[in-house]
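Predicted model only: the values in this text are computed from it and were never measured. Both counts, for ligands and for their atoms, begin at 1 and track the order of listing.
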Amino acid sequence: MADKNLCVNCGKCAAGCPARIEVPKYIQAYQMGLYYDNIISDGKPIDCIECGYCSLRCPQKINALAVIRELAMRDCVKNSMEAAL
Ligand code: SF4
Ligand code: SF4
């Protein structure tokens, strides 16, 4: 999933996240192709309730919900693979 607009770290997405996810940190890591497992955040992508607030608030029109959902999916796959070992 590509997003042509870059995060400017305004924090508007995280300000009202009911799952207390540090959304900007995940968005920036995603956009830069960086590792995100060690991001410090009360909520993790898997805690996202898909309310869509982050996407609605983003002045850069970044589909933050889609990014968080994708990262949550990656974590689910990773956890499943680790549990199967
Ligand atoms: S969609 Fe998920 S990440 Fe975005 S504000 Fe809602 S709970 Fe937080
Ligand atoms: S609202 Fe958009 S631009 Fe602002 S921190 Fe969140 S993702 Fe980045």
Side-chain angles (χ1 to χ4, degrees):
M1 199 225 21
D3 223 327
K4 63 185 186 316
N5 300 330
L6 291 177
C7 174
V8 295
N9 202 28
C10 68
K12 290 187 175 180
C13 52
C17 174
R20 302 183 63 180
I21 299 167
E22 293 282 353
V23 183
K25 293 180 183 175
Y26 287 101
I27 299 297
Q28 289 159 26
Y30 179 88
Q31 290 187 328
M32 291 188 276
L34 298 175
Y35 193 64
Y36 64 94
D37 279 15
N38 294 330
I39 287 175
I40 296 172
S41 174
D42 284 344
K44 301 294 181 189
I46 205 142
D47 299 316
C48 174
I49 61 166
E50 303 191 1
C51 66
Y53 182 86
C54 49
S55 295
L56 281 174
R57 292 267 293 167
C58 180
Q60 293 291 89
K61 310 287 185 213
I62 294 168
N63 191 346
L65 164 57
V67 172
I68 296 296
R69 192 191 284 145
E70 183 174 328
L71 297 183
M73 190 64 70
R74 287 185 196 177
D75 286 343
C76 281
V77 171
K78 184 169 162 245
N79 292 344
S80 303
M81 290 176 74
E82 284 175 356
L85 292 176

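The structure places OG of Ser80 at 11.0 Å from CG of Leu85, a figure rounded to the nearest 0.5 Å. The CE atom of Met73 lies 13.0 Å from the CD1 atom of Ile68; values are rounded to the nearest 0.5 Å.
Judged purely by atom type and a 3.5 angstrom limit, Gln31 uses its side chain to pair as donor or acceptor with the backbone of Asn5.
Heavy-atom separations between Ala64 and ligand 1 are all 4.0 Å or longer. Remark: distances from the non-hydrogen atoms of Val23 to ligand 2 are all 4.0 Å or more.
Among protein heavy atoms, the minimum distance from atom 2 (Fe) of ligand 2 is reached at Cys58 SG, 2.3 Å. Annotation: atom 8 (Fe) of ligand 1 to nearest protein heavy atom, Cys17 SG, 2.4 Å. Taking atom 7 (S) of ligand 1 as the reference point, the nearest protein heavy-atom neighbour is Ile49 N, 3.5 Å. Nearest non-hydrogen protein atom to atom 6 (Fe) of ligand 1 is Cys51 SG, 2.3 Å. With hydrogens left out, the protein atom closest to atom 4 (Fe) of ligand 2 is Cys10 SG, 2.3 Å, a heavy atom.
Side-chain heavy atoms closer than 4.5 Å link hydrophobic residues (I, L, V, M, F, W, Y) into clusters, and following such links, even through other members, never connects Leu65 to Val23. With hydrophobic clusters built from ILVMFWY side chains whose heavy atoms lie under 4.5 angstrom apart, Ile39 shares a cluster with Ile21.
Within ligand 2, counting atoms from 1 as listed, the ones closer than 4.0 Å to a heavy atom of Pro24 are 5 (S). Listed by number with element, the atoms of ligand 1 under 4.0 Å from a non-hydrogen atom of Gly52 are 1 (S), 6 (Fe). The atoms of ligand 2 that sit less than 4.0 Å from any heavy atom of Gly11 are 4 (Fe), 5 (S). Every atom of ligand 1 is numbered from 1 in the order shown, and the set under 4.0 Å from a heavy atom of Tyr53 is 5 (S). Heavy-atom contacts of Cys13 reach the following atoms of ligand 2: 1 (S), 5 (S), 6 (Fe), 7 (S) (cutoff under 4.0 Å). Counting the atoms of ligand 2 from 1 in the order shown, those under 4.0 Å from a heavy atom of Val8 are 3 (S), 8 (Fe). Within the listing of ligand 2, atoms 5 (S), 8 (Fe) sit less than 4.0 angstrom from a heavy atom of Asn9. Within ligand 2, counting atoms from 1 as listed, the ones closer than 4.0 Å to a heavy atom of Pro59 are 1 (S). Those atoms of ligand 2 that come under 4.0 Å of a heavy atom in Gln60, given as number and element, are 3 (S). Ligand-side atoms of ligand 1 in range of Cys54: 1 (S), 3 (S), 4 (Fe), 5 (S), range being under 4.0 angstrom from any heavy atom. The distance from ligand 1 to the heavy atoms of Leu65 drops below 4.0 Å at these ligand atoms: 1 (S).
Checking Cys48 against atom 2 (Fe) of ligand 1, an N/O/S atom falls under the 2.8 Å cut-off.
Exactly one residue among Asn9, Val8, Ile62 makes a side chain to side chain contact (heavy atoms under 4.5 Å, CB included) with Pro24. That residue is Asn9.
Nearest heavy atoms, Ala29 versus Tyr36: CB-CB, 4.1 Å. Taking each heavy atom of Ile40 and Glu22 in turn, the nearest pair found is O-CG, 3.7 Å. Shown here for Pro18 and Ile49, the closest heavy-atom pair between the two residues is CG-CD1, 3.7 Å. Contact detail for Cys13 and Tyr53: the closest heavy-atom pair is O-CD2, 4.0 Å. The two residues Asp37 and Lys78 have their closest heavy-atom pair at OD2-NZ, 2.8 Å.
Crowding of Lys25 atom NZ: a count of heavy atoms from other residues, nucleotides or ligands under 6.0 Å exceeding 12.
Both the backbone and the side chain of Cys7 come within 4.0 Å of ligand 2, counting heavy atoms alone.
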